[in-house]
Amino acid sequence: ENGHDEVIDTLSVPVNFRAGMVATRLTDNGVWELNDEIGVYMQYANTALAHENILFTARNLPYKVVDTSTGALESDDRVLYYPQNNEVDVVAYYPYTSVLSATEDYEIPLAANKDVLYSKVSGKSAADPKVSFSFAHKMAKVTLNIKHGWGAFTTDDIQNMICSDVVFKGMPTEGKLILNDATTESISTSVSDFSPSVKFPTPATGFETGFSAMFVPHKGTDYSNRELHLTVAGEKIVWEMPDSEMFDAGMHYVYNVTVNDTRLVIECISITPWTTTESTAGKVNFDPAIEVVHVPAAGKKFHMDARHSTHG
C-alpha cells in the first residue's frame with residue numbers, strides 16, 4: 001500500500017486528452033495524422049515514474065489521434081479516470097510501443113532517423129481534467145545545405161546526389177529515452193553507418209541540394225572517429241568531424257556545405273530549438289526551457305581536403 005487514494009466510482013471524472021500540434025516525421029506539415037498513437041502514463045503528482053506511483057490502469061496506455069484538427073486523443077483500451085482526492089502528473093511519448101524495457105527507468109528506444117517525442121503535464125486533477133500535451137523532440141535534427149564551389153564539380157553533380165551519397169560514420173545509431181526524467185542516452189555499441197532519410201524537393205536559397213537526418217543525441221568526446229562522407233560525381237570527400245561537435249536532444253543543427261575540387265567548406269550556421277512552424281491545424285506549443293541550447297559551434301567554419309580535415 002502506498003497511502004494514495006485510488007477509489008474510482010461513477011462520480012469519477014475521466015481524463016480528457018488533447019495532443020499539441022507537432023511534426024511527427026521530417027516530411028510532415030506540422031499536424032498529427034489520423035490514428036497516430038502515443039503511450040500514456042499517469043502517476044501521483046510530484047513522484048518519480050515508478051511502479052509504486054503509477055495508477056493501476058495508467059501504465060503505457062495507447063491513445064490514438066481521433067481528430068487531426070484538434071489533436072484529440074482516445075483509447076480503445078479503457079477510459080482513464082482521475083483519483084478522487086489526489087493530483088496527478090501525466091507522461092506521454094510518441095510513437096507508442098507495446099514492448100518496453102522491464103527496468104524501473106521505463107526506457108523508450110531511440111534509433112537514427114526515427115523521431116521520438118516526449119511530454120509531461122503536471123498537477124492535474126478532477127477539478128481541472130483537460131490535459132493538453134506540448135511535445136518536445138528527443139532526437140537531434142541535422143540539415144545539410146550543399147552547393148558546388150570552385151573546381152570541376154557542377155550544379156548538376158550536386159543536384160544529382162541522393163541520400164546514399166551522404167553517409168555518417170562513427171556515430172551511435174541507437175539510444176534510449178528515460179521517461180522518468182526525459183533524459184536521453186546513446187548506446188556506444190550501436191555505432192554504424194547511416195544516411196539522411198530525406199532529400200529536400202526544393203533546396204534552400206543559394207544551394208543546389210539539401211538533406212535532413214535525425215541523430216541519436218550524443219557528445220563528440222564519446223565518439224572520437226566520426227566522419228561525414230560525400231560522394232559527388234563518383235568521387236568521395238571525407239570530413240573528419242571535430243570532437244567539439246555535439247548533438248543535443250530537441251535541437252536543430254543547420255550546416256552549409258560548399259564542395260570544392262579538393263576540399264569542403266562546412267559552416268554550422270545555426271543551432272536552434274527544433275520546433276514546427278504554424279500550420280493550418282494550429283500553432284505548436286513548445287517550451288524552450290525543456291532543453292539547454294548548445295551554441296559554441298555556430299558560425300564556425302571547417303576547411304577539409306579530400307582525405308584529411310583541419311578546422312579553424
Side-chain angles (χ1 to χ4, degrees), residues 14-43 48-51 53-82 88-122 124 130-141 173-185 187 197 214 216-217 249-250 274 276 281-282 284-286 290:
V15 180
N16 178 16
F17 287 129
R18 183 183 300 265
M21 299 296 107
V22 296
T24 56
R25 300 170 189 83
L26 283 175
T27 55
D28 278 352
N29 63 358
V31 300
W32 291 100
E33 294 181 2
L34 192 66
N35 294 322
D36 270 347
E37 199 167 32
I38 70 173
V40 172
Y41 291 80
M42 190 162 72
Q43 67 201 70
L49 184 60
H51 174 77
N53 297 323
I54 296 175
L55 283 148
F56 179 72
T57 61
R59 186 185 305 276
N60 196 32
L61 294 183
Y63 273 77
K64 292 181 180 179
V65 175
V66 295
D67 186 333
T68 58
S69 65
T70 64
L73 298 163
E74 291 182 2
S75 176
D76 293 333
D77 278 9
R78 62 182 73 93
V79 177
L80 186 59
Y81 290 91
Y82 284 109
V88 301
D89 297 339
V90 186
V91 171
Y93 71 92
Y94 171 90
Y96 171 77
T97 177
S98 60
V99 180
L100 296 180
S101 169
T103 71
E104 288 299 313
D105 288 329
Y106 298 95
E107 299 165 358
I108 305 300
L110 303 177
N113 286 326
K114 294 183 179 180
D115 202 4
V116 172
L117 309 174
Y118 173 89
S119 181
K120 182 176 182 179
V121 179
S122 301
K124 304 302 292 186
K130 183 178 177 180
V131 175
S132 294
F133 292 118
S134 181
F135 282 90
H137 295 277
K138 301 309 293 184
M139 296 285 283
K141 181 179 179 179
T173 58
E174 297 178 11
K176 58 186 179 181
L177 163 64
I178 300 174
L179 292 178
N180 188 46
D181 58 8
T183 58
T184 62
E185 296 180 9
I187 298 175
S197 58
M214 298 182 198
V216 172
W274 177 7
T276 307
V284 176
N285 295 316
F286 181 80
I290 292 175

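The first residue in the sequence is number 1, and the count goes up from there. Since we're looking at a predicted model, the values are computed, not measured. Values reported hereafter were calculated over all heavy atoms of this structure, with side chains retained and with hydrogens, waters and symmetry mates removed.
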*Asks:* Do side-chain atoms of S75 reach the backbone of Y63 as a donor and acceptor pair under 3.5 angstrom?
*Replies:* no
*Asks:* Is it true that Y41 and Y106 have ring centroids separated by less than 6.0 Å?
*Replies:* yes
*Asks:* With sequence neighbours excluded, tell me which residues meet salt bridge (charged side-chain N to carboxylate O under 4.0 Å, His left out) with K176.
*Replies:* E107, E185
*Asks:* Using the six-membered ring wherever Trp is involved, compare the ring planes of Y93 and Y96 and label them parallel, tilted or perpendicular (cut-offs 30° and 60°).
*Replies:* parallel
*Asks:* Which heavy atom of G175 sits nearest a heavy atom of I187, and at what distance?
*Replies:* CA-CG1, 3.8 Å
*Asks:* Kindly give the heavy-atom pair with the smallest separation between P217 and A140, and that separation in Å.
*Replies:*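 Closest approach of P217 to A140: CG-N, 4.3 Å.
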*Asks:* Counting only N and O atoms by type, is there a donor-acceptor contact under 3.5 Å from the side chain of N35 to the main-chain atoms of K64?
*Replies:* no
*Asks:* Please examine the side chains of H137 and D115, heavy atoms only from C-beta on, and report whether any two atoms are closer than 4.5 Å.
*Replies:*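 Yes, at least one pair of side-chain atoms sits under 4.5 Å.
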*Asks:* Taking all non-hydrogen atoms of both residues into account, name the closest pair between N60 and T97 and its distance.
*Replies:*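 Distance-wise, the nearest heavy atoms are ND2-O, 3.0 Å.
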*Asks:* Can any side-chain N or O of N53 pair as donor or acceptor with the backbone N or O of A50 at less than 3.5 Å?
*Replies:* no
*Asks:* A182 and K138: which non-hydrogen atoms are nearest, and at how many Å?
*Replies:* O-NZ, 2.9 Å
*Asks:* For K120, run the side-chain contact (heavy atoms from CB on, under 4.5 Å) check against V90, D181, D89, L179 and tell me which one passes.
*Replies:*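 Of the listed options, the one satisfying the test is D89.
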*Asks:* Do V65 and L73 make a side-chain contact, defined as non-hydrogen atoms from C-beta onward lying under 4.5 Å apart?
*Replies:* yes
*Asks:* Which residue in the set L61, I54, L80, V91 passes side-chain contact (heavy atoms from CB on, under 4.5 Å) when paired with M42?
*Replies:*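 Exactly one pass, corresponding to L80.
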*Asks:* Do the side chains of F133 and I38 get nearer than 4.5 Å, heavy atoms only?
*Replies:*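 Touching, per the 4.5 Å side-chain cut-off.
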*Asks:* Rounded to the nearest 0.5 Å, how far does NZ of K141 lie from CG of N113?
*Replies:* 12.0 Å
